[in-house]
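Keep in mind it's a predicted model, so treat the numbers as computed, not measured. Labels below follow one simple rule: chain letters A, B, ... track the order of the sequence lines, proteins then strands, and each chain is numbered from 1.
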2 protein chains.
Amino acid sequence: MEFNDKVPIYYQIKTVIYDQIIAGERQPGEKLPAVRQLAVSLTVNVNTVQRALSEMIAEGAIVSKRGKGNFVTEDTQVIETIKTQLITEHLSNLYEQLHRLNIDDQDIINALVTYIERRGNSDDNH
Amino acid sequence: MEFNDKVPIYYQIKTVIYDQIIAGERQPGEKLPAVRQLAVSLTVNVNTVQRALSEMIAEGAIVSKRGKGNFVTEDTQVIETIKTQLITEHLSNLYEQLHRLNIDDQDIINALVTYIERRGNSDDNH
DNA sequence: TAACGTGTACTAGCTTACTATTACACTATA
DNA sequence: TATAGTGTAATAGTAAGCTAGTACACGTTA
């Protein structure tokens, strides 16, 4: 996996797994790949994976069962809360950043709409 | 100044100064505060400021005159280009991140509109 | 010319993040 | 019971970012 060298790798791993859980790619109660397996597929050290998981365990999104594996929580309420937090955080970031560039509310919306339209028309969607 | 400990300080300084230039708070040709002064006001080391400025000099946004000071470029075309890049980058980030959460185009726009409306109604604007 | 305000460069030491490696604890199963 | 698969912990080494401190180069001005 490619990482942004401006942000700690363990933090980016955490973000990716959260995204997968929220997007429904990893269902509540589902077992995650073994830490050693995750480390290999992410081309990263086991300790780095462990650090990401530890924080998610502390936050209640992952449940760890020694000898068995790590599992996505079955508490969908926790997942919903995290989803809401993440979305608000992303919207807030965009808003703050464009506001800092002296762009007003309406222009922020217009810019997003235009961006999405252009993206829809171009061939390289993604 | 407060810094996000997930991103290098020099990089955050760079971002802040770019934002100021683009927002028009620092005009083309304007002299920046002395590096030692910036270091004090940002409560950061001179070397850290220098690192941020070096990159902006390399990118053509800042012009350094030894013994005189650092100045915002007078080439407004360079500033315009950076502005466009930054805006697109921020929009792209939001789009990618919300898409990863399995939110479609229309819902992304709706979410932003709702976010801005709520923000406008609340008292703590900022 | 002397003093001061500038940018720039270099060294040394500290902390955090990451890696590699080893070891240990628990569970399932042949 | 032995083996394999799992999570967890601890050590040691490397690299990047930051700080403190010192020194030097250039420009302005008294």
What is the distance from CG of B:Leu53 to P of C:dA9, rounded to the nearest Å? 13 Å
Using the side-chain heavy atoms of B:Asn45, tell me which of these nucleotides is nearest: D:dT19, D:dT8, D:dG17. D:dT19
Estimated bend of the helix from C:dT1-D:dA30 to C:dA30-D:dT1 (axis per five terminal pairs, rounded to 10 degrees): 0°
With nearest nucleotide decided by heavy atoms, which residue, A:Ser54 or B:Thr43, maps closer to the 5′ end of DNA chain D? A:Ser54
Find which nucleotide of DNA chain C each of A:Val7 and B:Ala34 is nearest to by heavy atoms, and output the residue with the more 5' nucleotide. B:Ala34
Counting only side-chain heavy atoms from C-beta out, which of C:dT21, C:dA17, C:dT8 sits nearest to A:Pro8? C:dA17
For A:Arg51 and D:dA9, give me the distance from atom CZ to atom C1', rounded to whole Å. 15 Å
Same cluster for A:Tyr10 and A:Leu32 if Ile/Leu/Val/Met/Phe/Trp/Tyr side chains link at under 4.5 Å? no
Identify which nucleotide among D:dA9, D:dT8, C:dA17 has an atom closest to any side-chain atom of A:Asn47, counting heavy atoms from C-beta outward. D:dA9
Can you list, in residue-number order, the parts of residues 67-75 of chain A that come under 4.0 Å of DNA chain C, counting heavy atoms only? A:Gly67, A:Lys68
Taking 4.0 Å as the cut-off, does a side-chain nitrogen or oxygen of B:Thr48 come that near to OP1 or OP2 on D:dG17? no
What's the CZ-C1' distance between B:Arg66 and D:dA23, to the nearest Å? 12 Å
In whole angstroms, how far is the P atom of C:dC18 from the CG atom of A:Asn4? 12 Å
Could you tell me whether the side chain of B:Glu30 and the main chain of B:Gln27 form a donor-acceptor pair under 3.5 Å? yes
Just by distance, do the side chain of A:Thr43 and the backbone of A:Ala39 share a donor-acceptor pair under 3.5 Å? no
How many whole angstroms separate atom CG of B:Leu38 from atom C1' of C:dG7? 12 Å
If we ignore hydrogens and angles and just use 3.5 Å, is the side chain of A:Glu55 paired with the main-chain N or O of A:Lys14 as donor and acceptor? no
Within the structure shown, what part of the strands sits under 4.0 Å from A:Arg36 by heavy-atom distance: base, sugar-phosphate, or nothing? base
Test your reading of the model: is there a side-chain donor-acceptor pair from A:Thr48 to the backbone of A:Val44, 3.5 Å cut-off? no
With a 3.5 Å distance limit and no angle check, can you tell me whether B:Gln12 reaches the backbone of B:Val7 through a side-chain donor-acceptor pair? yes
More than 12 heavy atoms from other groups under 6.0 Å of OH on A:Tyr115: yes
Considering only side-chain heavy atoms of B:Val46, which listed nucleotide, C:dT19, C:dT8, C:dA25, is closest? C:dT8
Nearest-Å distance for atom pair CG/P, residues A:Asp5 and D:dA15: 16 Å
Partner of B:Tyr18 by side-chain hydrogen bond (donor to acceptor under 3.5 Å, both in side chains), out of B:Glu59, B:Arg26, B:Lys83, B:Gln85: B:Glu59
Between CD of A:Gln12 and C1' of C:dA17 the distance, given in whole Å, is 12 Å
Spell out, yes or no, whether A:Phe71 and A:Val16 are grouped together once hydrophobic residues are joined by side-chain heavy atoms under 4.5 Å, including indirect joins. no
Expressed as a whole number of angstroms, how long is the span from A:Ile62:CD1 to D:dG7:C1'? 13 Å
Between A:Glu25 and B:Arg100 (salt bridge meaning N to carboxylate O under 4.0 Å), is one present in this structure? no
